[in-house]
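Source: prediction; values computed, not measured.
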Amino acid sequence: MQWIAVIAIVLLVGLVLTFWKTILGALAALVLAGAALWAWQALRSRVKERREQAAALAARADREHALFLEGKDAGVYGRYSPIDLDRPRPTPLPATMAEWREQRRRK
């Protein structure tokens with residue numbers, strides 16, 4: 001039984017030594033095909049992400065337009081509404097560093 005394994009190994013080594021260029025070319029072709037497939041999938045996923053971002057932006061624009069037509073401020077300013085100048089600030093900032101320390105000690 002061992003002589004069959006020896007013959008198989010000798011034949012395999014002989015085939016590899018005889019056709020090493022063909023084997024190397026086939027491996028290179030497989031690596032290139034895998035790299036091309038990976039690049040194609042990465043490109044498709046980027047295109048899909050951009051389409052989803054564009055769809056989300058269009059949906060937000062439609063929603064804000066509807067709010068604008070209703071006369072609401074969110075339709076004009078979107079997510080970044082301006083400060084209401086008629087209301088005072090909730091906590092005035094201290095004028096000096098000493099005032100700031102005093103406010104911190106009280107808390």
Side-chain angles (χ1 to χ4, degrees):
M1 277 306 204
Q2 291 180 353
W3 59 274
I4 295 175
V6 170
I7 292 173
I9 290 172
V10 168
L11 285 174
L12 184 64
V13 169
L15 285 174
V16 168
L17 289 176
T18 304
F19 299 108
W20 68 273
K21 291 179 184 176
T22 306
I23 294 170
L24 193 62
L27 287 175
L30 285 174
V31 167
L32 286 175
L37 180 63
W38 175 79
W40 177 254
Q41 288 177 346
L43 180 66
R44 288 182 62 200
S45 69
R46 269 192 235 131
V47 168
K48 182 180 176 185
E49 287 174 9
R50 286 184 182 166
R51 284 183 184 160
E52 289 172 356
Q53 289 175 353
L57 181 63
R60 193 176 97 216
D62 288 340
R63 186 173 52 252
E64 289 177 1
H65 180 65
L67 289 172
F68 174 75
L69 293 177
E70 292 173 11
K72 297 182 180 176
D73 283 342
V76 176
Y77 300 108
R79 291 187 257 172
Y80 306 103
S81 59
I83 297 173
D84 187 7
L85 297 176
D86 294 333
R87 292 184 185 168
R89 294 173 100 160
T91 54
L93 295 174
T96 65
M97 207 57 187
E99 282 184 30
W100 180 79
R101 285 190 199 108
E102 187 62 34
Q103 286 178 2
R104 298 282 292 173
R105 283 187 201 135
R106 286 187 218 151
K107 289 182 183 180

Tabulate below the donor-acceptor pairs under 3.5 Å that side-chain atoms of residues 13-23 make, not counting sequence neighbours, or state none.
from : atom 1 : to  : atom 2 : distance (Å)
T18  : OG1    : G14 : O      : 2.6

Test: salt bridge (Lys or Arg N to Asp or Glu O under 4.0 Å). Region: residues 31-48. Which pairs qualify, not counting sequence neighbours?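 Every pair satisfying salt bridge (Lys or Arg N to Asp or Glu O under 4.0 Å) with a residue in residues 31-48: there are none.
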Apart from [X] itself, residues in the same hydrophobic cluster as defined by side-chain heavy atoms under 4.5 Å:
| X | result |
| --- | --- |
| L12 | none |
| V6 | V10 |
| L57 | none |

Counterpart residues, salt bridge (charged side-chain N to carboxylate O under 4.0 Å, His left out), relative to E102 (two or more places apart):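 Partners of E102 by the salt bridge (charged side-chain N to carboxylate O under 4.0 Å, His left out) criterion, ordered by chain and then number, come out as R105, R106.
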Which residues pass the side chain to side chain contact (heavy atoms under 4.5 Å, CB included) test with S45, not counting sequence neighbours?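 For S45 there are no side chain to side chain contact (heavy atoms under 4.5 Å, CB included) partners, ignoring immediate neighbours.
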Residues 58-72 side chain polar contacts: donor-acceptor under 3.5 Å, at least two apart:
from : atom 1 : to  : atom 2 : distance (Å)
R60  : NE     : E64 : OE2    : 3.4
E70  : OE1    : K72 : NZ     : 3.3

Transitive ILVMFWY side-chain link L11 to I4, under 4.5 Å: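 Hydrophobic grouping puts L11 with I4.
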